[in-house]
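As structure tokens, the structure follows; a few thoughts come after it.
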Number of protein chains: 2
Amino acid sequence: MKFDTVTIKDIAKALNFSTSTVSRALRGSYEISAETKKLVLEYAEKINYRPNPIALSLKERRSRAIGVVVSEISNNFFSEAINGIESIAYNRGYHVIITQSHESAAREKVNVEHHASRSVDGLLISLSSETVDLNYIKELNEKGMPIVFFDRITDEIDTHKVTANNYLGAMHATEHLIFQGYKKIAHITSSPLLSIAKERLNGYKAALEKHNIPFNDSFVKYCVHGGMILEEIEEAIEELYKEKIKPDAIFTASDRITTLCFGVLKKMKTKKELGFAGFTNTKVGELFNPPLTVVKQPAFEIGQTATELLIQMIESKRPVVDFETRILDTELIIRESSLRKVEA
Amino acid sequence: MKFDTVTIKDIAKALNFSTSTVSRALRGSYEISAETKKLVLEYAEKINYRPNPIALSLKERRSRAIGVVVSEISNNFFSEAINGIESIAYNRGYHVIITQSHESAAREKVNVEHHASRSVDGLLISLSSETVDLNYIKELNEKGMPIVFFDRITDEIDTHKVTANNYLGAMHATEHLIFQGYKKIAHITSSPLLSIAKERLNGYKAALEKHNIPFNDSFVKYCVHGGMILEEIEEAIEELYKEKIKPDAIFTASDRITTLCFGVLKKMKTKKELGFAGFTNTKVGELFNPPLTVVKQPAFEIGQTATELLIQMIESKRPVVDFETRILDTELIIRESSLRKVEA
DNA sequence: ATGAAAGCGCTAACAA
DNA sequence: TTGTTAGCGCTTTCAT
């Protein structure tokens, strides 16, 4: 015995009741006399009785806990989203258990399965940039585990999804660069496997097309590790500058890639001539030199919405079959980094 | 029944063994014949059997999970520390369950108790800036729950602790400002309840004393919410500027306070004349305008060390009575924000 | 209104 | 070498 924790048995013994009577009294069952209830409740309070949630989970196959799987909590988007998740979950009486995949598909699988075997009541998943095989998630989902995808979603599994309007966000940012007079806009993004990368690329393309700027394939660089490795960013930029036609602006497509690119360009000292805008939820873009133009996702709201949908599924009496994909608007915050430098 | 999960019973039934035989075969017990083992293992594999960790926890009173309580994962120090924690924990076969107190003592208590009741094998705690009452943690600890404090530690509980050398870190940063010629150095810090705030204040004072600069009480401002609220930062700075003697430099004592202060000062446009340095683990201080001089904590290593000590306690046969407090060196990264501006 | 007993999935002491 | 049984903490049917 690790701790000498107080159990229902102790109460029963002390009060000379059966454990079932105590259990019922504790839960306020109508079949228990007021007197007994009072006795039990008071004694429980006195000895500081706490029900053992593990025993409950074993019995009821549920835990009032929600599992979260994200790639990196140090990514501002995710820490904000998690705050949104918690804000709803705690109010509804659910605990939130956070795990990180670090952009590894293997780690993601371990995390999902750990959550499942620990009987979380539902799962909030944002896929890793490496993930290809979704079968194990699909199976889990088909077995009845409620799952909501957020941010990095997938077509392969039919369930609720919540994400930002990545298409429009990217389109507006790109258009903004075009309005500033930039014509050779490069796009640095993460793994092409990611839904968000595809959507942002499409938004970028749409803006170019709308303004009759030909799309140039060599202006798009992928960082398959999603910016976890500095070298891949440096390489992408280097390649960009090897092209015959050099870009006059860069539009980056994810949190870490945005700040890392900004840093690399700063060191290259070519930044001055470059227009720069990127997706990121950093709180400090304003403090950068030059201040950073960003596409900001409604991370907190995405977390909230996903959690609401998940709890709705968890608590639904009958299996949910009507799924929705909620798409929340991004915000373009224009600062100096994307503004056309006045020619001297 | 929520999921039709495979249990030991199913294997037993299918193979016509008793559940105990199956259990033993699965765990490779020496008392089981090679043949039976093979049979069981193969069938288990075939039907994709996974042991139920909840049942195990209930039985063994342990979960191979470590609970973590921090104030904010969006704070870079903590997300790095958590990565350090995970790096050790996963290698040793422990899962990591992260919860946030959001600097609320009440929330912290809920989290700690949730972890305890879920039978985590040990706890890694960094206190909230509000925490005064440590009794419930003390009791838990005395009942036998292994606990290691990290970063924001306490004298009131006798156990392992891991923290940065806040005293020296603050002292060196302050001294650096002094060497730059600043004489009126203000200090903005978080709640005076926090160990780290006290240590950093002492380091600051020590540097002043060493260089014969009188300590001025009104040059120290406390943000009791630890920078969770912008207004308290603005107020602190405002008050500082109301003093007869205005500061010529500011030394900030925590992650969020540092970046928020920097932002507020920037808006005030008085930044130019001010020397600025602060504790923070942000990855992007270099990109600031001006680039930020920081005291960086070895967050990853702190997380690792704390986890090693915790697992050591968890796995120790006899109660650990010899406790240590590990103090890891900080790093002063000097950039432009603290350099004396050349007078025109 | 209360109690006895079974069972959630698993392990282990004890039997055989 | 394998099986029987009890028990971890709790809820719940079925008796009483």
Side-chain angles (χ1 to χ4, degrees), chain A residues 1-41 43-44 47-64 113-114 116-121 144, chain B residues 1-41 43-44 47-64 113-114 116-121 144:
Chain A
M1 214 186 312
K2 197 175 163 195
F3 301 125
D4 37 329
T5 38
V6 179
T7 76
I8 246 177
K9 224 171 169 174
D10 299 317
I11 304 182
K13 212 172 290 168
L15 266 43
N16 247 316
F17 283 120
S18 73
T19 57
S20 32
T21 301
V22 174
S23 168
R24 279 184 278 240
L26 250 16
R27 341 193 54 240
S29 163
Y30 64 96
E31 10 174 39
I32 300 292
S33 76
E35 197 188 0
T36 307
K37 269 185 196 166
K38 188 159 168 277
L39 229 50
V40 169
L41 256 13
Y43 186 71
I47 64 173
N48 196 25
Y49 167 78
R50 294 273 176 275
N52 178 336
I54 298 202
L56 283 174
S57 292
L58 182 60
K59 181 138 241 313
E60 301 182 356
R61 305 293 200 82
R62 72 190 308 255
S63 56
R64 290 200 83 79
E113 289 181 341
H114 177 244
S117 66
R118 285 254 156 221
S119 295
V120 294
D121 296 345
Chain B
M1 217 188 314
K2 196 175 162 197
F3 301 124
D4 38 330
T5 39
V6 179
T7 75
I8 249 178
K9 225 168 164 176
D10 299 318
I11 303 181
K13 211 172 291 165
L15 265 43
N16 247 316
F17 283 119
S18 74
T19 57
S20 37
T21 301
V22 174
S23 169
R24 281 184 276 241
L26 250 15
R27 343 192 52 241
S29 163
Y30 63 95
E31 12 176 39
I32 300 292
S33 76
E35 197 187 1
T36 307
K37 270 185 193 166
K38 187 160 170 279
L39 230 49
V40 170
L41 256 11
Y43 186 70
I47 62 173
N48 198 24
Y49 166 79
R50 295 271 175 276
N52 179 335
I54 298 201
L56 282 174
S57 293
L58 181 60
K59 178 136 245 304
E60 303 185 353
R61 305 293 201 81
R62 73 192 305 255
S63 56
R64 290 200 82 80
E113 288 180 340
H114 177 244
S117 68
R118 285 255 157 221
S119 296
V120 293
D121 296 344

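Order of the sequence lines sets the chain letters (A, B, ...), proteins ahead of strands, with each chain counted from 1.
Along DNA chain C, the nucleotide closest to B/Tyr49 and the one closest to B/Arg24 are compared, and the more 5′ of them pairs with B/Tyr49.
For the pair A/Thr21 and C/dG3, the criterion of a side-chain N or O lying under 4.0 Å from OP1 or OP2 is met.
Within 4.0 Å (heavy atoms only), B/Asp10 reaches no atom of the nucleic acid at all. Among the protein residues, B/Ser20 comes within range of the nucleic acid bases, having at least one heavy atom under 4.0 Å from a base atom. When heavy atoms are screened at a 4.0 angstrom cut-off, A/Ser57 is found touching no nucleic acid atom at all.
Comparing C/dC8, C/dC10, D/dC10 by their nearest atom to the side chain of A/Arg61 picks out C/dC8. If you check C/dT2, C/dG9, D/dG3 against the side chain of B/Ala55, the one that comes closest is C/dG9. Picking from D/dT2, C/dT11, C/dA1 the nucleotide with the shortest atom distance to the side chain of A/Ser33 gives C/dA1. The side chain of A/Ile8 lies closest to D/dC10, out of D/dC10, C/dG3, D/dG7. Distance from the side chain of A/Ser23 is smallest for D/dT11 among the nucleotides C/dC8, D/dT11, C/dA4. Side-chain atoms of B/Phe17 lie closest to D/dG3 of the nucleotides D/dC10, C/dT11, D/dG3.
Separating the NZ atom of A/Lys9 from the C1' atom of D/dA6 is a distance of 10 Å, rounded to the nearest angstrom.
Counting only heavy atoms from C-beta outward, the side chains of B/Leu58 and A/Asn52 approach each other to under 4.5 Å.
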